[in-house]
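Report on the following structure.
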Amino acid sequence: MPELPEVETTRRGIEPHALHKVVDELIIRDHRLRWPVPEDLPARLKGATLREVDRRAKYLLLHFDQGTVIVHLGMSGSLRVITDDAPPQKHDHIDLVFTDGVRLRFNDPRRFGCWLWAEDATPHPLLANLGPEPLGEEFNGSYLFRRSRDRKTPVKSFLMDNRIVVGVGNIYANEALFKTGIHPNRPAGRISAARYHQLAEAVKETLAAAILAGGTTLRDFVNSDGKPGYFAQSLLVYGRRGQPCPTCQQPLREIRMNQRSTIYCTRCQR
DNA sequence: CGAACGACCTGCAGGC
DNA sequence: TGCCTGCAGGTCGTTC
């Protein structure tokens, strides 16, 4: 499930339960994630103190004095806080157990997620070529305009390119393009600075609102199914193929772009 | 370099 | 009930 709002909601949900705690043990029930979980990770973490719970793009970064655990939730991953002795369920692949008994439990049916280790001295290759954060100041209309010149790629693909900007997944790309009335297939290099300004603002607004909505369900991170409250009720076009456009009532159309479902209004988006 | 596409994996919805 | 197909919120690696 995770797009950036879910990852940030997860970060905020686990932080108060995990920060400053000492690792008792790391239990790996299944190493077979996107990349194998390092064999020596339990030994590295035993006795280590969690100094910071950070996020970069859709990666959660658990910083210890010795290095950083890089966690990605993939398509189906979740991380939740366990405070009782609930037994692990299907697809509960990893428990990070603290000395006070609280644990972070990683569930990931499709196993597209990862748990990797990085020594902090060298920037990890996964994080090395990422674009700016969408909610940061560096990401704005003039940045998008500048990076898009001479690019013929469809603007939706451009927006979902992690080297351009991180954290804009399929849902929010669809939403932001609808809000700004831009056709997802329009070549990125043929969009004006003014429209890119609107687009950047729409990306920020949509992500910020989704994070805010996720914040209301933070309590669900403890002893729950780990699924943050979804934002679906406020999505304007995603998952609404054939339904009337919120603006003009024209049925929303679905096309495939890069094998991803792309929903837009043929009348409002040009 | 950019762009397109396969690959990874399980679960689920829908058609027959 | 079952079987089959296609689809799902990500993104890396390969190929052209």
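Every chain is numbered from 1 and lettered A, B, ... according to where its sequence line falls, protein lines coming before strand lines.
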- State, with a plain yes or no, whether a side-chain heavy atom of T68(A) is found less than 4.5 Å away from one of L62(A). no
- Message: Nearest to the side chain of E254(A), heavy atoms from C-beta on, is which of dT11(C), dT10(B), dA8(C)?
- Response: dA8(C)
- Would you tell me if any nitrogen or oxygen in the side chain of R256(A) comes within less than 4.0 Å of OP1 or OP2 on dA8(C)? yes
- Protein-nucleotide distance (E3(A), atom CD; dT11(C), atom C1'), rounded to Å: 13 Å
- side chain to side chain contact (heavy atoms under 4.5 Å, CB included) with L104(A): of V81(A), L60(A), V53(A), I82(A), only one passes, and it is V81(A)
- For R55(A), does the CZ atom sit with more than 12 other heavy atoms under 6.0 Å from it, leaving out its own atoms? yes
- Query: Within the stacking criterion (centroid distance below 5.5 Å, interplanar angle below 30°), does F112(A) stack on dC9(B)?
  - Reply: no
- Does dG11(B) have OP1 or OP2 sitting under 4.0 Å from an N or O in the side chain of K90(A)? yes
- Task: Using a 4.5 Å cut-off on heavy atoms from C-beta on, say whether the side chain of E3(A) contacts that of E8(A).
- Result: no
- Looking at R163(A), does any N or O in its side chain come under 4.0 Å of the phosphate oxygens OP1/OP2 on dT11(C)? no
- Given side chains that start at C-beta, do those of L177(A) and K179(A) come closer than 4.5 Å, heavy atoms only? no
- Message: Please confirm whether the shortest side-chain N or O distance from Y59(A) to OP1 or OP2 of dC12(C) is below 4.0 Å.
- Response: yes
- Can you establish whether the number of heavy atoms outside H197(A) located under 6.0 Å from its atom NE2 is more than 12? no
- Query: So what is the 5' to 3' dot-bracket string for DNA chain B, if pairs are Watson-Crick or G-U wobble with both distances under 3.5 Å, crossing pairs use [ ] and | means the partner sits on another strand?
  - Reply: .|||||||.|||||||
- Query: Rounded to the Å, how far apart are I171(A) CD1 and dA8(C) C1'?
  - Reply: 10 Å
- Query: Taking only N and O in the side chain of H91(A), is any of them less than 4.0 Å away from OP1 or OP2 of dG11(B)?
  - Reply: yes
- Counting any heavy atom closer than 4.0 Å, what does S157(A) reach on the DNA or RNA strands: base, sugar-phosphate only, or nothing? nothing
- In whole angstrom, give me the gap between the P atoms of dC7(C) and dC5(B). 15 Å
- Task: Verify the distance criterion only: is there a donor paired with an acceptor across the side chains of N107(A) and S78(A) at less than 3.5 Å?
- Result: no
- How many Å lie between CZ on R241(A) and C1' on dA13(B), as a whole number? 12 Å
- Using a cut-off of strictly less than 4.0 Å between a heavy atom of the residue and any atom of DNA chain B, enumerate the qualifying residues of residues 144-154 of chain A by number. R151(A), K152(A), T153(A)
- Any idea how F106(A) and H93(A) line up, ring-wise: parallel (<30°), tilted (30 to 60°), or perpendicular (>60°)? tilted
- Message: Without decimals, in angstroms, what is the distance between H124(A) NE2 and dC12(C) P?
- Response: 11 Å
- Message: Rounded to whole Å, please give me the gap between CG in N107(A) and C1' in dG11(B).
- Response: 12 Å
- Query: Are any of the side-chain heavy atoms of L127(A) and L61(A) separated by less than 4.5 Å?
  - Reply: yes
- To the nearest Å, how far apart are M257(A) CE and dT11(C) C1'? 16 Å
- In whole angstroms, the gap separating P of dT10(B) from CD of Q89(A) amounts to 18 Å
- Query: Under the criterion side chain to side chain contact (heavy atoms under 4.5 Å, CB included), which of D95(A), L96(A), V37(A) is the partner of I28(A)?
  - Reply: V37(A)
- Between the side-chain atoms of R111(A) and the base atoms of dT10(B), is any donor-acceptor pair under 3.5 Å? no
- Measure from the side-chain N and O atoms of K21(A) to the backbone N and O of H17(A), and report whether any donor-acceptor pair falls under 3.5 Å. yes
- Query: Closest to the H72(A) side chain: dT11(C), dT10(B), dG2(B)?
  - Reply: dT11(C)
- Taking N and O atoms by type only, does the side chain of R110(A) place a donor or acceptor under 3.5 Å from a partner on the base of dA8(C)? yes
- Query: Roughly how many Å is it from CG in L60(A) to P in dG10(C), rounded to a whole number?
  - Reply: 15 Å
- Which nucleotide in the set dT10(B), dG6(B), dA4(B) lies at the smallest distance from any side-chain heavy atom of N258(A)? dA4(B)
